[in-house]
4 protein chains.
Amino acid sequence: MKRAIKRVLTIETRRNDLILGTLRSIEKYGYQNSTVQTICEESGVSRGLIGHYFESKDDLLMAAFQHLNAELDKEARLAVRAAGPDPFRRLIAAGLITFAQERRYSQVTLHFWSTALSNPKLLEHHRNLWARFRASTERLMTRAAAERNMEIDIRHSALMFTQLIDGLWLGWTLEKSYDLETCRMLVRDWICKLFNEDPANYPTTMPVREEGSPHVQG
Amino acid sequence: MKRAIKRVLTIETRRNDLILGTLRSIEKYGYQNSTVQTICEESGVSRGLIGHYFESKDDLLMAAFQHLNAELDKEARLAVRAAGPDPFRRLIAAGLITFAQERRYSQVTLHFWSTALSNPKLLEHHRNLWARFRASTERLMTRAAAERNMEIDIRHSALMFTQLIDGLWLGWTLEKSYDLETCRMLVRDWICKLFNEDPANYPTTMPVREEGSPHVQG
Amino acid sequence: MKRAIKRVLTIETRRNDLILGTLRSIEKYGYQNSTVQTICEESGVSRGLIGHYFESKDDLLMAAFQHLNAELDKEARLAVRAAGPDPFRRLIAAGLITFAQERRYSQVTLHFWSTALSNPKLLEHHRNLWARFRASTERLMTRAAAERNMEIDIRHSALMFTQLIDGLWLGWTLEKSYDLETCRMLVRDWICKLFNEDPANYPTTMPVREEGSPHVQG
Amino acid sequence: MKRAIKRVLTIETRRNDLILGTLRSIEKYGYQNSTVQTICEESGVSRGLIGHYFESKDDLLMAAFQHLNAELDKEARLAVRAAGPDPFRRLIAAGLITFAQERRYSQVTLHFWSTALSNPKLLEHHRNLWARFRASTERLMTRAAAERNMEIDIRHSALMFTQLIDGLWLGWTLEKSYDLETCRMLVRDWICKLFNEDPANYPTTMPVREEGSPHVQG
DNA sequence: GATGAATGAGTCTTCATTCAT
DNA sequence: CATGAATGAAGACTCATTCAT
């Protein structure tokens, strides 16, 4: 009994080691230059180990991508929840979380997007994720507008919102010519303007979470 | 003398053939799947020819990326010029040109960015280009604001402008869940709102250029 | 003392388990596809156990081959003995036993031969076995001929006998285009003709042995 | 035009080089120990060349096997044809050709048979070949029997014939405890006895062919 | 003694690069 | 100059063996 449990734990631990090693390797050497060699080095295991826990290198890469997305998604949900019940505050939280702090693995996402272009499975995964985020944004906007008796082009506003975030994130990742605080401010200001709210009432700093950070670790 | 010139021309032709073949290959097979084989096939030359005109496959890829950027840049400049002297109209033209039409090689740019992350030279190239575009935007915004006696946060507005464009382009490239007309509309509306202009006065269709298309050809 | 004996018994049991698992694995998955993994699965033991009882996988394979040969040899001896004292009947029994029944591990022998070609030890083993069988055949033929006052080219006849058996077995193993009864009949008829005996007097069915089957078990 | 022809020639030459190198490697090191490395060494080419002329190592092995079989088959047909129109003489020729001389690659066949056990494609190929040889034997036996007004169990006799040959060949390959002349003699004597012919009239030496040897070369 | 997780040598395969023609 | 055949380095994957528990 105990042995079986322990074994499962070991398997999960090792898989996680490899996944984090993969993300580190991609962040460090780039996607193209990440070989089984570099991944295993970053994971602190031998080259042959991948075969024990993943079908192939490709399988590991997929797992790493999904893990990263899942972590970011989870992080976003927590931030939104922490913002309380007000849909407008939740919107702001959703907009700021992407720029909450100097994230690890920021470059990895870009590598994965590039890869997704010629990987249908990855692309599908990405599209689902973004569609969900946009749908969630639309729901919050609908409620916030209703509370204010405003008429807003929900669909286009949600699109602006998500793509403004992506665009700011993309530029920041590639250029580092502006900082995260600027990103947060721009997003907050845009959403405040949309709902005729005073930005001064909505700080760009994220509420500190009490519990342990749900960030990707490694 | 003439022979030397002709030779230079031939060299340039061949280099261009290979560059366009590279872009076609990436668009067709993806970045990872583009081999010397596929590139030369697309270029209509034999496998060994790359060595005559480029230091290496990597050198060719860099050249192709820079070529693409140069073309897009040139295209943007022409569009802006075609918009006439009015800085506001020029701004709109600059914002719409990215979404002017279903572009060839849209995916290549994303690959290019991903590659740039681990290639200092490419990254530098990219940063210069974007800095220039932002600077140009700032100049136009300054003039447009002055004409209207408006006070505008130029730096942040320019940042919004460029990153909104990038974000919309990124989402369109990856998801195809919205169309180019939507992108054009969102960009136009945002810039019109910034300057208190009526979007109805500014169509999202690009003025037809009389001269030959400066688009990347191949 | 008893403990030591018991231990030796355990060792022999384990070795036998592994040997039979090896034969099963080869028969089931083929020689090339038999890995330490499949062998240990078939043996019902863990992967690391081979190292305790055999020097290496190769050592185990050799042991399995020799075990199989020893079993088949033993089986043949028993069949000959069961045929009674008459040398001619003994000859027939020796000829039929190979085709006595749909044997397990029929394919293993062919793999064994192929392997023996580049394994001097195995080859030596095989040659000794076949030499002994041929010598035994020669003795029986000599006696059977003497009883009948016949002059027979003993050496060549024995060679025909053994190689006819091998050839029929080989074809049956590879092709399954004829059945074991045909093999038994052809061997019996040939040997009967050699000694001018009426085949009708010598059934191709093997006498049932009373004792436990000496077959390779597993 | 000439270039295309030359290219085809080169391709065929290279493929043949690799096939012969494969056979040499198997003969020299055994089937299991033949790696891309040893094969290319024997072929006198670099390790990467296989990929240019064969889909994979496995594809090359299949080609080598089929080449060997085709050569042996061709050789047999020529020998039978050289024996003239008499079906009985043709039968003898067919029986002797296998033992005509110390063949190259004699061990390779055994390795291939062993491999065929777990390779359906190979097995199918082998079965077809043997079925054809047996059918051809049956036709010759039918004619030879008709000429002599004899009644013969054609099917069983053909089976005896082919399997006697295989058995003698197998023992000779594995044991070398008897020579090819003995094999030839035994086969000839058996077939002569079947048709009541005097072996003395049928030498075991093969008629010398005038043309160049069709043997597998390399 | 038994387990199975971990290792790393060995293999096949791909592909950018070279070079004789 | 252009070709494409040949090379060999580098990659991912397999699997017999080892060893801590």
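Naming convention: chains lettered A, B, ... in sequence-line order (proteins, then strands); numbering from 1 in each chain.
A straight line from CZ of A:Arg15 to C1' of E:dA5 spans 16 Å, rounded to a whole angstrom. The CG-P distance, from C:Asp17 to E:dT3, rounds to 11 Å in whole Å. When the P atom of F:dT3 is taken as reference, atom CG of B:Leu18 falls 11 Å away, rounded to whole Å. B:Glu41 places its CD atom 12 Å from the P atom of E:dA16, with the value rounded to the nearest Å. A straight line from CD of A:Gln32 to C1' of F:dA12 spans 16 Å, rounded to a whole angstrom. Taking atom CD1 on A:Ile11 and atom P on E:dA5, their separation rounds to 6 Å, with Å as the unit. Across the protein-nucleic acid pair, B:Phe54 atom CZ and F:dA2 atom C1' stand 16 Å apart, rounded to whole Å. Across the protein-nucleic acid pair, C:Gln37 atom CD and E:dA5 atom P stand 11 Å apart, rounded to whole Å.
For A:Lys28, the side-chain hydrogen bond (donor to acceptor under 3.5 Å, both in side chains) test picks out A:Glu42, with sequence neighbours left out. C:Gln66 is linked by a side-chain hydrogen bond (donor to acceptor under 3.5 Å, both in side chains) to nothing, counting only residues two or more places apart in sequence or in another chain. Annotation: side-chain hydrogen bond (donor to acceptor under 3.5 Å, both in side chains) contacts of A:Asp17 (sequence neighbours excluded): A:Arg14. Contacts of D:Thr38 classified as side-chain hydrogen bond (donor to acceptor under 3.5 Å, both in side chains), with partners at least two apart in sequence or in another chain: D:Ser25. With sequence neighbours excluded, the residues forming a side-chain contact (heavy atoms from CB on, under 4.5 Å) with B:Thr109 are B:Leu68, B:Leu72, B:Trp113, B:Trp169, listed by chain and number.
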Show me the protein contacts with nucleotides 17-21 of chain F, counting only N or O atoms at under 3.5 Å.
unit_1 : atom_1 : unit_2  : atom_2 : d
F:dT17 : OP2    : C:Lys57 : N      : 2.7

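Remark on DNA chain E: of its neighbouring residues D:Leu49 and C:Leu49, the 5'-side contact belongs to C:Leu49, judged by nearest-heavy-atom nucleotide.
A donor-acceptor pair is defined here as one N or O able to donate and one able to accept, closer than 3.5 Å; such a pair exists between the side chain of C:Asn33 and the backbone of C:Tyr29. No side-chain donor-acceptor contact under 3.5 Å links D:Asn16 to the backbone of D:Glu12.
An OP1 or OP2 oxygen of F:dA6 is reached within less than 4.0 angstrom by a side-chain nitrogen or oxygen of D:Tyr53. Residue C:Arg14 places none of its side-chain N or O atoms closer than 4.0 Å to OP1 or OP2 of E:dG1.
Within the structure, side-chain hydrogen bond (donor to acceptor under 3.5 Å, both in side chains) pairs that include any residue of residues 47-58 of chain C comprise C:Gln37-C:Arg47 (at least two apart or interchain). Residue pairs meeting the salt bridge (charged side-chain N to carboxylate O under 4.0 Å, His left out) criterion with at least one member in residues 108-123 of chain C: none, sequence neighbours excluded.
Looking at DNA chain E, the stems built from 3 or more consecutive Watson-Crick or G-U wobble pairs, each pair with its key distances under 3.5 Å, are E:2-21 with F:2-21.
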